[in-house]
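Each remark here refers to the structure printed beneath this line.
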Amino acid sequence: MSQPAMLPQGWEARWDHQSQQYVYIDQSTGRSQWEVPTQPSYPSNGVSAPSAPPAAPAPAPSSRPGRRQYPTAQIQQMYGGSGGGAGGYDQQSQQLPLMSNYPDQQQQQQPMAPQFFTPGIQDNTPHQGYPQQAGGPQQGYPGQQPQQQPLPPQQGGWQGQPPLQQGGGMDQMANQFQQMNMGQQPPNQAYGNQKQMHSMQTVNLIGMQPDVRGLEAPPPPFLIPQNAAVTQSPHSQPDPSYQRCTITSMPTTQSLLNKSKLPLALVIAPYRSIRPSDGDMEVPVVEDSVIARCRRCRAYINPFVTFIEGGNRWKCCMCGLSNEVPQLFDWDQREGKPADRWSRKELNHAVVEFIAPTEYMVRPPQPPVYAFCIDVSQQAIQSGMVATAARTILESLDTIPNADKRTKVAIIAVSSSLHFFSLTPGATEASMLVVSDLTDVFLPKPSDILVNLDESRAALESLLGRLSDMFADSHVVGTAMGSALTAAHQLIGKYGGKIIALTASLPTIGEGALKARDDPKLLGTNKESTLLNAANSFYKSFAIECSKQQVTVDMFLFSSSYTDVASLSCLPRYTAGQTYLYPGFNASKPEDAIKFATEFGKLLAMPIGLEAVIRVRATRGIRLSAFHGNFFTRSTDLLALPTVSQDQNYVIELQLEDDLKGPFVVIQTAVLHTTCYGERRIRVITHAMPVTDSIAELYASADQVAIMTYLTNKAVEKAMSSSLEDGRNLVTNNLSTMLTVYKNQVTSAAGASAQLAVPDNLKLLPLLACGLVKHVGLREGTNMSPDLRAYAHCLLTTLPSDSLVSYIHPRFYCLHNMPAEAGTIGEHGVILPPALNLTSERLERHGLFLIEDGQQMFLWVGHEAVPRLIQDVFDLPSYAELQGGKYTLPELDNPFSQRVNAIVAKTRELRRGIYRPHLYVVKSDAEPALRSWALSLLVEDRMDKMSSYAQYLTTVKNKVNGS
Amino acid sequence: MGGEGWLFLFAVLMAAVLLFTMVFFIIMFSDLECDYINPIDLCNKLNQFVLPEMIAHAFLTLLFLLSGQWLAFILNAPLVAFNVNKIMSKNHMYDATEIFRTLSGHKKESFIKLGFYLVSFFYYLYRMILALISGTSLRWLISLWSTLTASRE
Ligand SMILES: [Zn+2]
């Protein structure tokens with residue numbers, strides 16, 4: 001029974017008990033076979049796509065030795081050297097790429113080869129099935145491996161190959177994750193009955209270039225005992241996009257947690273969107289409204305309870321109380337016959353939705369209500385915002401959630417006075433009612449202002465059609481947005497719902513009036529954080545009023561100058577809304593208009609949950625200590641969200657009040673909400689995680705992405721309450737204390753070291769931390785506009801983890817030289833080129849590159865780009881003709897243009913959320929502002945005073961050694 | 001020295017009132033933790049008492065200053081400075097949106113203030129008794145007593 005140590009990518013080995021041998025499963029197709037696979041199997045996402053073996057890389061004549069310590073040569077070969085594929089635009093004649101190959105690097109690097117040391121887990125039994133040193137730092141540098149590591153025979157398939165684009169290192173790593181994933185499948189006999197542990201590998205980071213492709217790897221699995229779940233369902237643990245934890249095993253005591261210095265927090269996005277294109281499963285719905293809950297702790301029944309007394313009672317997995325099984329639990333009400341208990345969805349799925357009976361309603365389900373407060377000041381009209389917004393609303397009238405024809409809409413136009421529109425049902429024209437008394441607004445005929453969408457459709461359409469023209473000659477500067485919001489709140493307060501405010505100018509009149517307070521002298525000082533908080537108390541007190549009445553505020557800001565995002569974003573923050581910023585919006589630019597119209601349209605079409613509350617319950621002994629995200633904390637464990645929008649992330653810090661006794665703990669998030677078609681539902685997300693008393697195991701099970709999400713929220717909180725510098729220090733200090741504990745307690749290396757030892761599963765955490773401290777929201781410097789910072793804070797604290805990772809650590813692709821299949825349609829959609837390290841060393845003078853962070857995309861064009869490339873992509877004769885800035889790529893009749901367009905389109909829809917990033921064309925020798933903006937996304941580089949990744953590592957290493 | 005007796009009698013009463021205010025605050029905070037009150041109501045309730053409490057304390061301190069009770073003044077001055085600083089930086093009011101994040105700090109502050117008022121209460125009481133038993137005050141009190149009883153008849 002030789003264990004399948006190294007499988008090609010995409011394969012998984014499972015122990016088959018009957019035949020006493022391994023069965024190999026192709027993960028992308030589900031096919032299984034007995035033979036050891038030799039050819040990798042590739043799932044959809046282009047990042048791990050195969051490529052034809054490249055042509056031998058042409059060594060460049062010039063080299064700049066000593067510039068970087070890490071062995072870039074192999075990576076260079078992997079990425080850049082494969083000029084063979086179609087559409088390569090290498091300038092062979094010129095031979096002067098910015099990056100040079102280091103032909104001898106491979107040999108030179110030998111003495112500096114990374115050291116492996118396996119930390120002291122005594123019972124680290126080889127059950128994981130791969131050699132201890134597998135997956136070390138040399139992943140992704142396949143050229144070194146043959147010398148480094150004796151390869152099991154199965155690997156022969158790729159061993160001898162020249163540096164493959166997704167070399168063996170990647171395979172190994174993916175493979176490793178796949179093997180670890182086996183723990184998630186309950187009938188996993190490969191582990192036997194021994195206590196499951198994560199395998200621990202230590203990686204040294206100094207001198208190594210990070211492998212950015214690891215950012216998309218799944219977190220370490222929850223290795224719970226295999227019989228913990230009552231059913232053998234593969235869905236008994238949630239997808240990490242719903243709920244994940246900074247550590248995937250729970251420490252037994254708070255003192256162990258304190259000693260480990262690891263943060264303990266839950267990262268949840270309970271209402272994340274479902275994208276069938278990503279293979280997302282619809283949330284199973286329990287329709288018979290038999291809701292079994294624990295009498296004491298009110299936990300919902302879930303896959304981790306146990307049935308006792310012959311199945312008549314169930315024991316709560318959180319508090320241990322024995323509860324009666326509801327009478328109709330085993331009864332199929334629709335068919336009127338007994339049903340199989342083990343097929344009940346709540347016992348098979350970690351994520352389920354219950355249809356709640358009337359006890360769960362404070363009042364009958366309210367209709368979805370949308371009140372639009374549209375700024376019609378001179379600035380708003382001139383920028384074309386009003387026209388675009390009105391047109392988008394008009395076009396969205398059919399997509400606004402309105403399943404049961406109850407949706408209500410109101411439109412308020414705001415300048416220095418408030419303009420209400422009476423939309424009498426059946427009328428074809430709207431009549432305008434102007435209120436200029438801004439204090440204590442009197443609402444004329446409220447029932448005609450807030451109207452049923454269907455009944456007043458004609459009047460609404462006519463109003464939206466001419467809204468912009470009605471105010472075309474407006475000369476009002478500034479708006480009374482605060483008063484308009486108060487009026488809208490009065491109008492819809494009875495029902496709750498959504499206020500969508502669109503403003504292109506600073507609200508300077510009426511309630512909550514703001515001043516342009518962005519004094520440039522404050523930037524870069526400790527006082528800068530005052531600019532990141534609300535300027536006056538109106539925005540907080542009004543937000544509380546809204547939350548009480550179940551009203552959410554969404555803010556769309558179209559500034560050409562300072563609009564005090566920090567104050568205005570307070571309303572979305574505490575009412576579970578979102579802020580959207582369109583700096584310098586001008587609808588005459590088609591890119592601006594399309595971006596706004598797309599995002600606004602998606603927001604309007606988004607199914608919303610009304611009157612929501614989130615409550616998190618956990619096994620006794622675990623306490624929730626702090627909450628981060630957009631909501632109002634109504635009590636120590638209850639979050640109030642007037643409406644719950646999709647794809648928002650919440651972080652909840654946990655503490656241990658009591659020692660944990662059991663082998664595993666259960667954490668359950670319940671979101672009670674009313675769907676937009678008037679059904680009260682409870683979405684319940686449950687996960688179980690093992691308990692451990694070993695610091696090593698805690699480190700081996702840490703989830704770098706969840707930790708980063710937690711650190712981001714903490715850093716933003718610190719930046720707002722104290723100073724930006726404190727926010728940055730929080731990140732770096734947290735990172736270094738973690739690594740100090742790891743070094744001293746887990747690897748038991750004493751004294752100063754030239755290495756920075758990091759557990760393999762956290763090896764990209766320093767890179768993410770480096771990206772975070774250089775992010776717009778926290779970056780050092782005196783030239784960041786407070787609006788952009790405040791907006792970045794809104795995103796940093798709400799983006800779901802996968803979007804947050806790329807927002808902190810952008811993706812970087814080389815397009816002129818991408819593998820042949822990149823940009824073509826693969827099995828699962830468009831294949832993306834391999835992601836590059838974020839350093840300008842990758843930029844070539846003749847190249848075409850794409851840098852994107854989910855909010856912006858930069859198409860970098862090198863100034864020596866060959867005319868054919870410019871012609872193929874932009875349909876322009878030469879580089880000189882090309883204009884930088886926001887750009888819409890033409891769709892041309894050549895394969896390269898089609899592939900680039902496909903990649904851009906794929907990138908735009910890569911992540912959950914409504915964002916449609918702008919595409920900027922950046923010329924490498926023009927427009928310094930745009931150029932440095934694009935370069936600022938290359939976080940491994942030095943930038944002004946901010947350190948490069950290598951320097952950042954040294955800083956962290958010194959802190960680790962110093963303490 | 002009748003004034004001193006009066007002053008400390010007043011101070012004792014004030015300290016008692018402030019003491020009870022702090023007890024009230026602490027009870028309210030623990031109610032919030034036990035979910036007996038929601039943060040909005042809590043903040044609305046407590047914010048009514050924040051400024052009166054600070055003003056009462058500042059007034060008492062001012063009285064000590066004017067009457068030349070240096071020791072009592074010096075004891076109270078730091079708290080006045082602390083309160084003034086809070087008002088200047090505009091974070092003296094309880095903020096319902098942040099209350100759970102800052103709750104432990106608020107509780108700690110209330111407990112410290114409670115202790116401080118308790119100590120001051122006994123100090124004022126001691127000073128009052130001291131003032132009373134010093135001859136003049138005693139005589140003055142007796143005469144006060146006799147006038148009171150006389151007026152009742
Ligand atoms: Zn229970």
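Labels below follow one simple rule: chain letters A, B, ... track the order of the sequence lines, proteins then strands, and each chain is numbered from 1.
Within a 6.0 Å sphere centred on NZ of Lys113(B), other residues, nucleotides and ligands contribute more than 12 heavy atoms. Residue Arg634(A) qualifies as open at atom CZ: its count of foreign heavy atoms under 6.0 Å is 12 or below. Shown here is Lys718(A), whose NZ atom has no more than 12 heavy atoms of other residues, nucleotides or ligands within 6.0 Å.
At least one side-chain heavy atom of Tyr574(A) sits less than 4.5 Å from a side-chain heavy atom of Glu98(B).
Between Ala96(B) and Ile544(A), the shortest heavy-atom contact is CB-CD1, 3.5 Å. Shown here for Ile40(B) and Phe632(A), the closest heavy-atom pair between the two residues is CG1-CZ, 3.6 Å. Residues Thr636(A) and Glu33(B) approach most closely at OG1-O, 3.5 Å, considering heavy atoms.
Of the candidates Asn38(B), Ile37(B), Asp35(B), Asp35(B) is the only one forming a side-chain contact (heavy atoms from CB on, under 4.5 Å) with Ser635(A).
Considering CG of Leu639(A) and CZ of Phe100(B), their distance stands at 9.5 Å, rounded to 0.5 Å. To the nearest 0.5 angstrom, Ser625(A) atom OG is 12.5 Å from Leu103(B) atom CG. Rounded to the nearest 0.5 angstrom, Asn536(A) CG and Lys90(B) NZ are separated by 9.0 Å.
The residue among Lys548(A), Glu717(A), Arg573(A) with the most heavy atom pairs within less than 4.5 Å of chain B is Glu717(A).
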